[in-house]
Amino acid sequence: MSMRSFLRSTIKVDVLKTLVLIFASIIFTGCLFTNPDGGERIGIGYNKGYSPEQPLPFSHEQHVGLHKIQCQYCHNQVERSKHANIPSLATCMNCHQQVSGTENTESIKKLREAYADNKPIEWVRVHMLPDHVQFDHQAHVTKGVSCQTCHGEIEKMAKVYQYSDLSMGWCVSCHRQPENKAPLNCTTCHQ
Amino acid sequence: MSINNDANEQRPKSTEVKIERDRNFWKSFDELYDTPEYKKAVETEFMSSPLRDEFKDEGTSGFARREFLKLMGASVALTTAAGCIRRPVQKIVPYVKQPEEVTVGVANYYTSSYFDGQEGFGLLVKSREGRPIHIEGNPSYPLNGSAVSVRAQASLLSLYDPARLQKPFRNLFNEKRTNKETVGVTWEDLDTKVVAQLQKGSVAVLTGNIVSPATNAVIGDFCSGFKAEQYSWEPLAYGDTVEARYDKAKVIVSIDADFLGSWGSAITSNRQFANGRRDPSQMSRLISFESTYSLTGANADIRHRIKPSQQLDVVLGLISLVSGGSTQVHETLGISAEAFQKVAEDLKNNRSKSIVVAGGVQTQTVDAENLQIAVDHLNSILGNHGNTIGARSNMKASYQSLNSLIKAMNQGSVKTLIIYRQNPLYTLSKSFGFHEALNKVEMVVYVGDVMDETASFSHYVATDNHSLETWSDSEFSRGLYGIHQPLIRTMYDTRSFQLSLMTWAYMAKVGPARIQNYETFYDYLRAFIKSDIAPKYAKGQDFETFWNQLLQQGFVGQVGSLVSKATSGSISNIKKSSKSANMELVMYAKSHIGDGTLANIGWLQELPDPVSKIVWDNYASISLKAAEKLKLKQNDVVELTVGDVTLKLPIHIQPGLHDEVVAVAVGYGRTKAGEVGNGIGVNAYPLAQVGQNGQPILAGQNVEIKKTGKKYELVTTQGHDSMEGRQIVVQATNKDFQKSKEANIHRHHVWSIWSGHQYNGHKWGMSIDLNTCTGCSACMTACQSENNIHVVGKKYVMQGREMHWIRIDRYYVGSPETAQAVFQPITCQHCDNAPCEVVCPVAATVHSNEGLNEMIYNRCVGTRYCSNNCPYKVRRFNWFNYAKLIQSPTHMSLNPEVTVRTRGVMEKCSFCVQRIKVAKQKATQENRLLKDGDVKTACEVACPTQAIVFGDLNDEKSRVAQIFTNEKRAYTLLEEWYAKPAVRYLSKIRNNDEVTAPKGAGHA
């Protein structure tokens, strides 16, 4: 291939690239300035406030706020694993074998049926990090960070929503505080 | 044409970098003779450029631009979605009833076993949420310890192989059995048909070596029930396999026995061999006479090249010298009388502390039997039997057994043949007549998990479980009983071989009660252990305690003492029948491919051959002199003719080979292995001939070589990543070492005005002992499995795009005729003054406060400046989104603790930072400080010779810190550059009683 045809093809690519970038940036800015909730401006790709419908209307407000059940009763592996596990149905049934509830008896019936049929509940994931981030619940909980620091006033949430934006800036703002003695190596989260 | 070439053409001559090359150490002939191709290769920093590829055929296809548009289109669509709408919704599906032992996100480890037909391993398999994801050795296991072979590690991928059969099948044939149709059947259907056939009688079972006592019991019960005959045969394992104690020997003489690579219990041998050489002041000596260039020869202190027909001469010559006679053998061998005399002297001086071994495919000449008799005789006059060498009794497979099966089939006395995981239609040459004999069998039932060459010729395929899905047990050595636990429930509608036999016996109501009574093989196994094993091993424990202990430890008992080998014949009757030929063929098995069973695993195909460093192919190796004589060059395709069989193979010029030898590896050229393994290389088994007694002749045949004029590109990983002849590997002899422990190491006086990094907590470091490293490559596969490293395929390896984070460089030393080899594992050196860090424009590679050179994938924009600036060339770039090519269910083998890298991202060794973190968390949980040995990198664990030591340099008592401060053989790579690597190498010592000629001032 001659130098000329090479240059020609390079130019072609450059023109295309520019066009596509302009197009993309229009869409980006559109997203940045429109905020459905009308609240503070959110970053691109963050999902602060995300609150999907769940297959069963589990209320943290009722379980934690009203009945004062410890977080670790259900999320029992949070102190020894990176994941704060969603409890197995058997854990729900510890109480709901007996407790039929007053308001939401339909859902509790569904729960019991699922348990009887050995069919797991498919919960919708609320807090989601990109695949290149490794967050470790155990490390934070054992250092004494309370659940509410990141998850907000979960005891008042009838339906869970994402309280923090879970952005890297948000992580680092805490890790950078000298009193936290938190590691700042990149591989702390990215490995 | 490429940009790079343009740049080279335009560069004025004066700016060309002058490189002083060391003529003693070299990696390829191109380098040794400094050919124009080599110059070009080293001047362009990288083998490939994306522009070179994409613009090459731009005029015709315009591929590059189209691909670019497509990708940009997709990314616009994605940003729209991600910016305004929630990313794809993920579901969390918790257990209904959580199993007690599962903590989501925390790995479990289970003991198990693996047997590949020759060598057995005690395993410790890592499992995440029920998926086995990494295979390691059981650290307390007496034979292999934490190390396992490349193949055992790679067997993980065969569990997730898309080519695995998922249910039982039936093959419908036409009358001549030339054409067929495969249909799925149900187990009920298969069982009814098979049992009806079995009840007609005349049943034969063909298996390989079986080291599971319970499986042997099931087969025994089945055979007694159906009056069936069991035959056992393996293509590469021979009944005469010895059990040796290489750590107890002072002198080891190997006559074509590749005990460190492809023959016998290679990993265990590596471990013992290294233990006998860890201290260079009293290391053992390995003398090798060989016709190929094997790992054993590469590690030999003294290596002599021979032809296969000379194997017996060597042993007979040694016998006569050792017993005080004289010999002229050295003349036929072409070595000096003194050199040969020295071998005999060494043996004589180390009576009962020496080992003479011969075996493996390379020794299957016409004289194979005589060779064994002679070796036995030599060992017995040296008093080695029972001290360093003994018999391995559990290897029963033999060609005699196979021949009697073929005879029985030909006589029509086999109506039903059950074949268990053997592939005779691939591994046997036509001259055995297996195929014709098989046609006379009414029904062939194949038990295995791939529709391979033999399975497609069977009437029924009773699909077997994978080894990781099945219960079993093992007795690899007398007195050492191990358990084989399943790691995962059967993924598909498959059934273990043992249960199939049990089911058929139950349905036909034949055999002892125990084969009919139990519903699963697990129940049978437990009952068997209770009745047959516990009395021997339990030492009065109750059964449940014994059982739990067995599961937890993975084994009970210990390696038994050596059993003296019965001499198979008299030395006086030996008559050499082989004749020396002008050009002799020698077939061999590669240490990682073996007999070719696991050919469909990409990890194995992409692992460079330990010596030739060629990937994805087999080839005909000849010496440089032979190539010159035959006017052949590397990559020339030739026709090899043995008898009436002709194969076409590319030529590889192998240093250190005898001038009258052509070496060809078996295990390639599969046609029905699966998508990955089909059509890789050429099947060399057809070159095998049948001897007078039906024994296979795989070496020493006369071979004709004819040039075809065609070329075929062999791909090697050795030509690039060159280190430009600086002090990279240091080799000294035992005499040098006696004079100075620092022999041949050139220390540089380096200083800096900068005080350097301060590490207050941990400071991770690694040492690699070149003296114990044998180049076995187990570390490479371990790393690949641990760190989700992709296989890129032959085409991209050709362009230098292989992804291995740890590679093993092999340097030849000396002349092409007598070249020795040194191996050097190279991984990221985690430099304190890392050259890669300073050039990254986006700070994607940075230094941690524990001395790690961190690579942050999500920050990397792919400039590749770091790779350009890395003096050790350990960085790997993702040219494509290889992860997208992973077929389901292979993605289940990925390690969830390591990010799967995407296109356009640089990656490299991380010192297994995920393992460091897990160890730290465990220590925190147990409320203690991290101690030495808590963190072990994947390569360190897999290393059978413990050449790799990893740990905290700030902990004075750690093994690695001890080596850094005390070991005189330690040196760093390119010390004068002051990159301050965290990896140190220990020099290689060759115990050959020579003295290295003193060098002039300057670099070693």
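Here is the naming used below: chain letters follow the sequence lines, and residue numbers restart at 1 for every chain.
- For a residue to count as touching a neighbouring chain, one of its non-hydrogen atoms must lie under 4.5 Å from one of that chain's; by this rule A/Pro87 touches chain B with the backbone only.
- Residues B/Glu907 and B/Arg901 are paired through a salt bridge, judged by an N-O separation under 4.0 Å between the basic side chain and the carboxylate.
- With chain A as partner, the option from B/Val900, B/Asn858, B/Thr924 having the largest number of non-hydrogen pairs under 4.5 angstrom is B/Asn858.
- No close placement of the B/His847 and B/His830 rings is indicated, their centers lying 6.0 Å or farther apart.
- Most heavy-atom pairs under 4.5 Å with chain B, from the set A/Lys82, A/Lys119, A/His132, A/Glu79: that is A/His132.
- In summary, the side chains of A/Gln54 and A/Lys159 do not present any donor paired with an acceptor at a separation below 3.5 Å, with no hydrogens or angles considered.
- We find that B/Asp832 and B/Lys763 are joined by a salt bridge, their nearest charged nitrogen and carboxylate oxygen being less than 4.0 Å apart.
- For the set A/Leu89, A/Val124, A/Thr187, A/Thr142, the entry with the most heavy-atom pairs within less than 4.5 Å of chain B is A/Thr187.
- Classification of B/Asp934 and B/Arg928 as a salt-bridged pair holds, one side-chain N sitting under 4.0 Å from a carboxylate O.
- Contact annotation for A/Asn118: both backbone and side-chain heavy atoms come within less than 4.5 Å of a heavy atom of chain B.
- For B/Leu929, the CG atom is loosely surrounded, since the number of other residues' heavy atoms within 6.0 Å does not exceed 12.
- With a 4.5 Å cut-off on non-hydrogen atoms, B/Tyr857 touches chain A through its side chain but not through its backbone.
- Taking the ring axis of A/Tyr115 as reference, the NZ or CZ atom of B/Lys97 stays within 45° of it and closer than 6.0 Å to the ring centre.
- A donor atom on one side chain and an acceptor atom on the other are not found under 3.5 Å apart for A/Asn185 and B/Glu850.
- At a 4.5 Å heavy-atom cutoff, A/Thr91 makes no contact with chain B through either its backbone or its side chain.
- Each of B/Val846, B/Ile92, B/Asn849 has some count of heavy-atom pairs under 4.5 Å with chain A, and the biggest count is that of B/Ile92.
- Of all the listed residues (B/Lys922, B/Lys91, B/Glu854), the one sharing the greatest number of non-hydrogen pairs under 4.5 Å with chain A is B/Glu854.
- Counting non-hydrogen atoms of other residues, nucleotides and ligands closer than 6.0 Å to CE of B/Met892 gives a total above 12.
- Contact of A/Ile121 with chain B is made through the backbone alone, with heavy-atom distances under 4.5 Å.
- When each of B/Glu897, B/Gln914, B/Lys920 is checked for heavy-atom pairs under 4.5 Å with chain A, B/Glu897 comes out on top.
- Contact count versus chain B (heavy atoms, under 4.5 Å) is highest, among A/Pro55, A/Ala139, A/Cys189, A/Ala90, for A/Ala90.
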> Going through the checks in order, is the side chain to side chain contact (heavy atoms under 4.5 Å, CB included) test met by B/Thr845 and B/Ile856?
Replying inline: CA-CA 6 Å; B/Thr845 183; B/Ile856 316 306; over 6 Å; no
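- Using a 4.5 Å cut-off between heavy atoms, A/Glu122 touches chain B through backbone and side chain atoms alike.
- In this structure, the portion of B/Val102 lying under 4.5 Å from any heavy atom of chain A is its backbone and not its side chain.
- Neither the backbone nor the side chain of A/Asn76 comes within less than 4.5 Å of any heavy atom in chain B.
- Considering only heavy-atom pairs separated by less than 4.5 Å from chain A, the leading option among B/Val913, B/Thr103, B/Val93 is B/Thr103.
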